[in-house]
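What follows is a short report on a single structure.
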Amino acid sequence: MSFAVATPVYEGPFDLLLHLILREQVDIYEVSLSRIVDAYLAEIERMNAIDLDVATEFLLIAATLVELKARRLLPGRDDVDLDEELALWEERDLLLARLLECKTFKDVAGVFSRLADEADRSFPRTTGADERFAGLAPDLLEGITGERIHLAYLRAMVPKPTPRIDLFHVAPIRASVADAVAELVDELPRAGRITFRRLTSGLAERLEIIVRFLALLELFKQGMIELDQREKFGDIDVLWTGGLEPVAVGSIAIDDYEG
Amino acid sequence: MSNERIDAETVRAIEAIVMVAVEPVAPDLLAQLLEQPTAVIERLCNELAAAYDEAGHGFELVRVAGGYRYQSHADLAPYVERFLLDGQRARMSAAALETLAIIAYKQPLSRAQIASIRGVDPDAVLRTLQARGYITEVDRDTGPGQAILYGTTTSFLEKLGLNSLGDLPPIADFVPSADVVEALEQGLRIDAPAPDAAT
Amino acid sequence: MSNERIDAETVRAIEAIVMVAVEPVAPDLLAQLLEQPTAVIERLCNELAAAYDEAGHGFELVRVAGGYRYQSHADLAPYVERFLLDGQRARMSAAALETLAIIAYKQPLSRAQIASIRGVDPDAVLRTLQARGYITEVDRDTGPGQAILYGTTTSFLEKLGLNSLGDLPPIADFVPSADVVEALEQGLRIDAPAPDAAT
């Protein structure tokens with residue numbers, strides 16, 4: 001059995017499409033609609049047990065892509081309906097615009113992540129005034145009635161929808177150490193130095209954490225990171241040493257973990 | 001020289017830790033965290049307090065029962081009082097109100113029980129409510145952890161104009177859905193436009 | 001001379017007030033409490049922050065989310081994290097960051113607008129962001145559905161260490177570069193194919 005776990009790889013159809021196209025960007029003349037469509041469909045294939053709502057989104061984009069590909073395979077036909085042709089072009093432009101928007105906010109998210117990481121290193125003082133001033137602060141219960149306490153209680157007791165945080169639409173995707181390496185290669189250069197605990201704080205599954213750890217060992221073996229553990233069982237410091245240039249994941253040879 | 005460098009770093013770490021601490025920080029704890037003898041920590045804190053004093057800062061580092069803490073300088077109390085009276089918004093957060101309501105109806109209960117109902121760590125809220133005198137530690141759990149059990153205070157009842165907890169509106173066994181609660185609340189706002197309805 | 005004395009007293013009062021505050025203190029409020037023009041307060045706070053920096057203290061005075069607050073110095077994070085049990089702050093997922101990015105730049109906007117940009121149902125992410133206090137319901141759409149419109153909060157500004165939304169880099173800085181646009185275009189090209197690009 002190969003190592004396969006759920007990891008959020010693609011956040012949505014645009015995310016996937018962006019990834020597939022930009023992956024081919026290495027040589028721009030190699031970028032091929034045909035290959036992208038095939039890869040896109042292959043990815044959908046992998047999401048077999050996918051949430052229906054999410055599947056719809058992916059399939060909508062797939063339909064557009066297939067249409068584009070079909071049109072491309074039949075160039076220069078005279079009997080093409082001009083309206084259909086125009087509509088297809090419009091759809092293509094729309095898709096392009098959405099991809100650009102998606103990419104824009106992905107880049108913003110990268111900056112946000114960096115800002116938050118920097119801000120997280122400082123801790124605010126929230127201690128408040130000491131007991132010398134107790135009794136001075138205004139009464140918070142002013143205007144609050146038993147009825148409002150009652151309503152607040154009801155609100156608190158309403159079962160909250162379980163936060164199926166972000167994983168729900170990608171959960172069925174099988175991922176591997178290779179995918180974890182790809183994620184880390186994207187994330188670590190931005191983080192610079194980070195602890196293993198922080199690096200895995202967003203992960204819910206034990207297996208995901210293990211796979212991330214194996215991916216780190218892989219990167220360590222490749223000399224792209226340094227690992228430091230100050231005490232036994234202490235948190236592990238991860239330091240990216242691979243430089244700031246984007247790393248082609250394909251260039252990293254990864255051992256298969258078969259079990 | 002090397003010793004001075006170590007001291008300087010230790011002093012900065014003391015400043016950082018005491019600055020963000022909610023409670024006074026015991027010298028023993030600082031000693032342990034900074035891997036220095038307690039005597040060294042105490043000497044450095046004394047020197048630090050004297051240096052603040054000398055520089056005429058508006059705050060001081062003082063040693064109280066539990067350890068070291070920052071506080072506003074005594075001679076600036078009038079400004080601090082003015083700030084606390086006028087400057088701070090008197091507004092109970094939704095989180096605080098919900099936590100207070102849970103305690104009011106389910107007391108006595110532990111921090112962990114509150115956390116499991118609200119789904120978030122209630123520590124900061126509990127501290128606020130306790131500092132305000134709305135809740136208090138009423139008991140200890142008999143279980144292994146001997147967790148603190150919280151309950152509301154008489155001051156809470158007085159502020160709400162209630163004679164006893166029995167005067168709180170009764171709760172049904174079933175819990176209504178979120179939109180029912182919202183509708184109830186909307187209805188309440190229309191019936192009685194309380195002064196705080198706008199907030 | 002007299003002016004300097006007033007300034008010195010004002011600075012001390014600022015230190016005392018910010019020390020007891022539980023959230024950033026707006027310069028306007030300080031101005032009002034200390035009976036000084038806001039511009040003077042801002043100048044004094046800048047000078048104070050620079051003086052702390054110069055002296056190499058373990059804390060800093062920063063302007064964040066519209067006000068001034070004390071915080072531990074970033075380079076002492078390892079010590080503070082050791083001290084605070086919850087020192088390790090949870091990082092946001094890529095989905096949460098992207099959704100937050102969209103809301104920050106396009107607010108106020110509805111769930112449906114976010115969904116159309118991200119191409120996925122944002123409900124779970126919105127709940128998480130709201131629970132963490134980074135976004136809030138700021139308005140209702142005037143249209144028929146009266147959709148909830150979301151916006152960012154001061155907690156969001158604090159999380160990113162920004163003073164105001166105006167401190168966000170202009171969105172124009174993030175428009176994909178020419179080669180990315182070209183690659184995307186190429187990837188979706190439908191006119192006559194090159195000799196045999198289709199493999």
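Per chain, numbering begins at 1; letters A, B, ... match sequence-line order.
Here the closest heavy-atom approach between residue A:Ala129 and residue B:Leu84 is recorded as CB-CD1, 3.8 Å. Between B:Pro169 and A:Glu147, the closest heavy-atom pair is CG-OE1, 3.5 Å.
Within the 4.5 Å cutoff, side-chain heavy atoms of B:Ile171 are placed close to those of A:His150. With a 4.5 Å cut-off on side-chain heavy atoms, A:Phe123 and B:Met19 do not count as touching. Within the 4.5 Å cutoff, the side chain of B:Ser72 has heavy atoms near those of the A:Phe133 side chain. Between B:Tyr70 and A:Thr127 the shortest side-chain heavy-atom distance does not fall below 4.5 Å. For the pair A:Ile149 and B:Tyr105, the minimum side-chain heavy-atom distance is below 4.5 Å.
Judged purely by atom type and a 3.5 angstrom limit, A:Arg132 has no side-chain atom pairing as donor or acceptor with the backbone of B:Gln71.
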Distance-only donor-acceptor pairs under 3.5 Å for side chains of residues 156-165 of chain B, two or more places apart:
unit_1   : atom_1 : unit_2   : atom_2 : d
B:Ser164 : OG     : B:Gly166 : N      : 3.2

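The contact between B:Ile102 and chain A is made by backbone and side chain atoms together, counting heavy-atom distances below 4.5 Å. Neither the backbone nor the side chain of B:Arg127 comes within contact range of chain A; no heavy atoms are under 4.5 Å apart. There is no contact between B:Ala16 and chain A, counting heavy-atom distances below 4.5 Å. For B:Val62, no part sits under 4.5 Å from any heavy atom of chain A, backbone or side chain.
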